[in-house]
Amino acid sequence: MAELFILFNPFIIFTSSIKGQFDIFPVILLYLGWYGFKEEKYFKSGVLTGAAILFKQYAILFSFMIGLNLIKTNYKKFSKFFIGHLTAAIPILTIASLLNFQGLIDHAILYHLKRPP
């Protein structure tokens with residue numbers, strides 16, 4: 001079963017084809033986040049998918065899909081998932097903004113808006 005996840009996983013195919021990069025860390029975090037979601041450990045899943053988003057932004061799609069599923073099935077569980085995201089994001093972004101706020105804005109937002117597709 002694990003072989004099928006690796007062989008036909010669109011996240012791995014997508015990340016390995018862009019500029020010849022193989023971004024395995026966010027993919028591993030997404031996989032562990034999905035596993036936590038299936039085991040109904042929503043806080044853990046939120047932390048792991050939040051960390052994956054901090055690595056690469058394509059993880060937002062995965063997180064968005066899990067979030068919609070949680071809102072649709074049981075919106076009270078969504079709060080655990082969202083707090084997990086904040087637990088991963090707030091310390092990292094706070095430290096980055098304290099070290100170099102303008103650099104964080106330039107690299108995280110403006111760089112991606114200015115570069116060609």
To the nearest 0.5 Å, how far apart are [atom1] in [X] and [atom2] in [Y]?
X    : Y   : atom1 : atom2 : value
N69  : K77 : CG    : NZ    : 10.0 Å
K76  : Y42 : NZ    : OH    : 14.0 Å
L98  : L93 : CG    : CG    : 11.0 Å
K38  : I66 : NZ    : CD1   : 10.0 Å
L104 : I92 : CG    : CD1   : 11.5 Å
T49  : I60 : OG1   : CD1   : 11.0 Å

Are [Y] and [X] connected in a single hydrophobic cluster, I mean Ile/Leu/Val/Met/Phe/Trp/Tyr linked by side-chain heavy atoms less than 4.5 Å apart?
X   : Y   : result
L48 : I53 : no
F81 : I90 : yes
F62 : I71 : yes

List the atom of [X], the atom of [Y], and the distance in Å for their closest heavy-atom pair.
X   : Y   : value
L54 : A88 : CD1-O, 3.6 Å
G36 : S45 : C-CB, 4.0 Å
P91 : L86 : CD-O, 4.0 Å
H85 : G50 : ND1-CA, 3.1 Å

Checklist line | Residue that, paired with F55, satisfies side chain to side chain contact (heavy atoms under 4.5 Å, CB included) out of V27, I28, L29 | finding: L29
Next item on the list: Using the ring-ring contact (aromatic ring centres under 6.0 Å, His included) rule, take W34 and F37 through it: C-alpha gap first, then chi angles, then the decisive distance, then the call.
Entry: CA-CA 5 Å; W34 175 254; F37 172 74; 5.4 Å; yes
Note to self: Please determine whether the number of non-hydrogen atoms from other residues, nucleotides or ligands lying under 6.0 Å from atom CZ of F43 exceeds 12.
What the structure shows: yes
Next item on the list: Assign the ring pair F78 / F82 to parallel, tilted or perpendicular, where the plane angle (0 to 90°) is split at 30° and 60°.
Entry: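 Aromatic pair F78/F82 classed parallel.
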